[in-house]
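What follows is a short report on a single structure.
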Amino acid sequence: MSKVVTSRNDDYSQWYQDLVTKADLADHSAVRGCMVIKPHGYAIWEKMQQALDGMFKETGHVNAYFPLFIPKSFLSKEAKHVDGFAQECAIVTHHRLKTVGDTPETRQVVVDETAKLEEELIVRPTSETIIWNTYRDWIKSHRDLPLLINQWANVVRWEMRTRLFLRTAEFLWQEGHTAHATKQEAIEETERMLEVYARFAEDYMAMPVIKGIKTENERFAGAEETYCIEAMMQDGKALQAGTSHFLGQNFAKAFEVKFANKENKLEYVWATSWGVSTRLMGALIMTHSDDNGLVIPPKLAPVHVVVVPIYKTEEELSKIEVLAKQLASELKTKNIVVRFDHRDTLRPGFKFAEHELRGVPVRLGIGPKDMENGTVEMARRDTLTKEVVSMDGLAERIVATLDDIQSSMYNRALKLRESMTHHVNTWEEFEKALDAGGFVYAHWDGTAETEKKIKDRTKATIRCIPLDSVAEDGKCILTGAPSSRRVIFARAY
RNA sequence: CGGGGUGUAGCGCAGUUGGUAGCGCACCUGGUUUGGGACCAGGGGGUCGUCAGUUCGAGUCUGGCCACCCCGACCA
């Protein structure tokens with residue numbers, strides 16, 4: 001009974017926390033703001049990594065790895081960049097400990113002050129600086145470009161307040177860092193990777209996203225332009241799910257990265273960077289899960305089908321097991337993972353609840369009645385519906401069901417987003433729509449001051465200027481100044 | 001960094017006017033069960049966050065410290 005999660009209606013935030021811990025995704029660790037990602041959570045992250053990594057490689061990228069530590073002086077070379085990150089850096093100052101105290105009771109380990117570093121090291125909050133410092137040596141000619149590199153890594157940002165997956169002091173991510181000969185190429189790359197993220201979110205996570213551009217206020221520190229995908233969570237709040245930055249020549253200039261063009265003239269290199277993080281785990285949870293637990297889209301489920309045997313005798317069990325094994329090997333050829341839940345100390349009802357909590361998309365119950373009738377009970381996690389189906393053609397049926405789960409999860413999420421999206425023209429409507437929750441399309445005069453005033457008054461930020469927005473004359477919701485297109489406002493995570 | 005809260009068994013909690021720690025779940029053993037979170041019997045498991053003080057005696061009272069969580073401000 002201890003595994004029941006708080007309902008979304010009672011306390012959304014508590015529901016989220018319950019879900020993360022009770023579905024065995026992650027736990028708070030002994031270190032403030034840092035989480036332990038448990039095997040089940042990590043398995044889902046690995047599925048995400050796999051899919052994304054494949055997409056990166058398809059678009060011509062290769063993986064590499066750069067150091068965890070960044071010399072302090074590197075960070076300050078790009079002025080805006082350091083401004084953006086200075087407040088949340090972990091700093092390494094020493095490289096040795098020593099033991100003091102003569103007795104076992106008083107003995108303790110302290111920092112050895114004689115082992116102070118000449119230059120402090122910053123634990124990377126992001127790797128632009130160390131990477132661009134390295135690129136200086138790698139890029140000499142236009143023939144070295146484009147340079148398309150990704151790294152899977154952990155980064156540390158000393159956030160004041162943390163939440164499991166959504167904002168942790170240490171998080172896992174991938175960061176792509178590319179170098180190009182022309183501005184146009186770099187912008188194309190930025191947009192290409194935004195497209196990859198959007199496709200991943202929608203096709204794999206079954207999470208609809210809006211592609212857009214950040215306003216100056218929300219732009220990445222050191223970028224010329226930040227593109228993003230924005231998703232809406234079930235409570236109507238927005239979540240930035242991924243960003244792709246056009247960095248211009250800012251880092252090339254800061255780190256003196258020049259290449260000889262075809263005319264043998266030296267030019268600064270154009271750059272992009274783009275990343276998604278374990279925050280996507282939070283997005284996944286808050287997009288689909290319900291009061292019974294996690295709901296995972298089949299494409300990201302570590303296990304697609306679980307078979308729960310219902311039996312009295314060992315003989316019955318072994319018959320069911322033979323069936324399950326057969327089904328598993330048949331489905332394995334279609335990359336569907338079937339697990340047979342053979343645990344004999346737990347009753348079926350407990351297993352049903354547990355697999356629901358952990359989000360297995362399809363559950364099959366097989367008992368004596370089924371063995372007699374040649375049927376199984378098939379339950380869908382997304383709809384919580386059950387039906388008794390024939391064992392004949394079961395594999396095909398499962399394939400079709402998984403496909404259907406994948407697409408209906410997307411459709412459900414899209415429908416919810418649409419039902420919580422509003423277009424408003426007056427301040428009064430604007431406030432009302434924000435309180436109702438969701439995305440609010442409204443006109444804005446394009447100034448950072450107005451954006452900030454709106455944020456102070458309503459806690460809503462401009463999530464993005466949608467890429468597909470159409471030109472439309474209107475008046476700024478706050479100042480009444482003319483505006484040529486709507487932007488999306490929302491309260492956000 | 002402000003506000004609030006919590007530290008007692010793996011988890012969730014109780015512990016009265018101070019008298020040396022208990023309940024549920026989980027765990028172990030045995031048995032009966034098994035189509036939506038089983039039941040019976042027996043059993044194991046504790047520096048009560050930490051330091052100091054008051055006291056014959058502190059989980060309980062006093063003070064300090066630490067940690068974590070939640071709500072804000074800041075950020076992916």
Side-chain angles (χ1 to χ4, degrees), chain A residues 1-6 11-14 16-18 21-22 24 27-35 83-89 125-126 155-175 197 214 217-221 226 228-231 238-245 273-283 292-293 308-314 316-317 320 341 343-357 363-373 375-377 379 384 386 388 455-456 459 461 463 491-493:
Chain A
M1 264 19 128
S2 66
K3 291 242 171 152
V4 175
V5 300
T6 305
D11 185 342
Y12 192 83
S13 172
Q14 187 63 48
Y16 176 79
Q17 292 177 71
D18 282 1
T21 54
K22 289 178 178 170
D24 278 334
D27 255 329
H28 293 285
S29 71
V31 183
R32 187 205 79 100
C34 295
M35 64 181 165
D83 279 354
F85 288 104
Q87 299 297 314
E88 50 188 38
C89 285
T126 179
V155 287
V156 168
R157 297 182 187 174
W158 214 265
E159 300 287 352
M160 293 181 194
R161 195 179 149 226
T162 58
R163 312 181 86 194
L164 291 174
F165 288 121
L166 295 176
R167 186 174 299 102
T168 43
E170 180 195 18
F171 56 94
L172 306 184
W173 77 346
Q174 59 68 217
E175 45 181 327
Y197 287 156
K214 287 290 183 190
N217 281 342
E218 303 279 324
R219 195 176 289 158
F220 176 74
T226 289
C228 63
I229 51 171
E230 291 286 324
L239 184 78
Q240 177 176 305
T243 46
S244 184
H245 314 290
S273 69
W274 27 273
V276 294
S277 70
T278 36
R279 169 178 258 202
L280 289 180
M281 293 289 294
N292 289 339
V308 176
I310 296 140
Y311 61 98
K312 286 199 171 68
T313 65
E314 284 297 318
E316 281 170 347
L317 175 63
I320 297 167
D341 190 345
R343 295 174 296 175
D344 61 358
T345 53
L346 302 170
R347 300 168 87 245
F350 182 91
K351 293 178 182 178
F352 294 169
E354 190 187 61
H355 294 303
E356 252 158 39
L357 182 62
R363 185 188 72 233
L364 301 178
I366 308 180
K369 275 187 263 171
D370 298 301
M371 297 302 280
E372 220 171 90
N373 304 332
T375 58
V376 300
E377 181 188 78
L384 293 170
K386 293 190 285 199
V388 176
K455 185 180 177 184
D456 289 344
K459 289 179 189 160
T461 49
R463 301 319 303 159
R491 298 203 174 108
Y493 279 101

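In this text the structure is predicted, and so the values were computed from the model without any measurement. Chain letters run A, B, ... following the sequence lines, proteins first and then strands; every chain starts at 1.
- Rounding to whole angstrom units, CD of residue A:E159 and P of B:C75 are separated by 9 Å.
- Using cut-offs of 30° and 60° on the angle between ring planes, the pair A:Y197 and A:W274 is perpendicular.
- Dashed line: the shortest gap from a side-chain N or O of A:Q17 to OP1 or OP2 of B:C70 is under 4.0 Å.
- For B:C69 and B:G49, the C1' atoms lie 14 Å apart once the distance is rounded to whole Å.
- Looking at heavy atoms from C-beta onward, A:M35 lies out of side-chain contact with A:M281 at the 4.5 angstrom threshold.
- Here B:C74 presents its P atom at 8 Å from CG of A:D456, a figure rounded to the nearest Å.
- With a 3.5 Å ceiling on both atom-pair distances, B:G37 lacks any Watson-Crick or G-U wobble partner.
- At the heavy-atom level, A:T243 lies nowhere under 4.0 Å from the strands shown.
- For A:Y16, the ring pair (Phe, Tyr, Trp, His ring centres under 6.0 Å) test picks out no residue, with sequence neighbours left out.
- Straight-line distance between the C1' atoms of B:A58 and B:G53: roughly 11 Å, to the nearest whole Å.
- Considering only residues two or more places apart in sequence or on other chains, A:Y12 meets the ring pair (Phe, Tyr, Trp, His ring centres under 6.0 Å) condition with A:W15.
- A:L166 comes within contact range of at least one nucleobase, with a heavy-atom separation under 4.0 Å.
- Taking atom CG of A:D344 as the reference point, atom P of B:G31 lies 12 Å away to the nearest angstrom.
- Look at CZ on A:R343: it is 16 Å from P on B:G37, rounded to the nearest Å.
- If you check B:A76, B:G35, B:G36 against the side chain of A:Q240, the one that comes closest is B:A76.
- For B:G44, there is no paired base (Watson-Crick or G-U wobble, both distances below 3.5 Å).
- Nucleotides B:G22 and B:G45, compared at atom C1', are 14 Å apart to the nearest Å.
- At a cut-off of 3.5 angstrom, the base of B:G37 holds no donor-acceptor pair with the side chain of A:E354.
- If you take CD1 on A:I320 and OH on A:Y311, they are separated by 8.5 Å, rounding to the nearest 0.5 Å.
- Not one N or O on the side chain of A:R157 forms a donor-acceptor pair closer than 3.5 Å with the backbone of A:E88.
- Taking atom C1' in both B:G37 and B:U20, one finds a spacing of 38 Å when rounded to whole Å.
- Look at CD on A:Q14: it is 10 Å from C1' on B:C69, rounded to the nearest Å.
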Considering only nitrogen or oxygen atoms on both sides, find all protein atoms under 3.5 Å from nucleotides 38-45 of chain B and state each distance.
{"unit_1": "B:A38", "atom_1": "OP2", "unit_2": "A:R347", "atom_2": "NH1", "d": "2.8"}
{"unit_1": "B:A38", "atom_1": "O4'", "unit_2": "A:R347", "atom_2": "NH1", "d": "3.1"}

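- Residue A:L317 holds its CG atom at 13.5 Å from NZ of A:K312, rounded to the nearest 0.5 Å.
- Among the nucleotides B:C70, B:C74, B:G36, the one closest to any side-chain atom of A:K455 is B:C74.
- A donor-acceptor contact under 3.5 Å is not formed by the side chain of A:K351 with the base of B:G35.
- Put simply, NZ on A:K22 is 14 Å from C1' on B:A26, counting in whole angstrom units.
- Note: A:E372 CD to A:K369 NZ = 10.0 Å, rounded to the nearest 0.5 Å.
- Side-chain proximity of A:S13 to B:G36, B:C70, B:G35: nearest is B:C70.
- In this structure, A:H28 atom NE2 and B:G12 atom C1' are separated by 15 Å, rounded to whole Å.
- For the C1' atoms, the distance linking B:A14 with B:U8 amounts to 10 Å, nearest Å.
- With A:F352 as the aromatic partner, A:R363 meets the cation-pi criteria of under 6.0 angstrom to the ring centre and within 45 degrees of the ring axis.
- Checking B:U34, B:C75, B:G35 against every side-chain atom of A:K312, the shortest atom distance belongs to B:U34.
- One atom, CG of A:L364, and another, C1' of B:G35, lie 14 Å apart when rounded to the nearest Å.
- B:U62 is paired with B:A52 under the criterion used here, namely a Watson-Crick or G-U wobble arrangement in which both key atom distances are under 3.5 Å.
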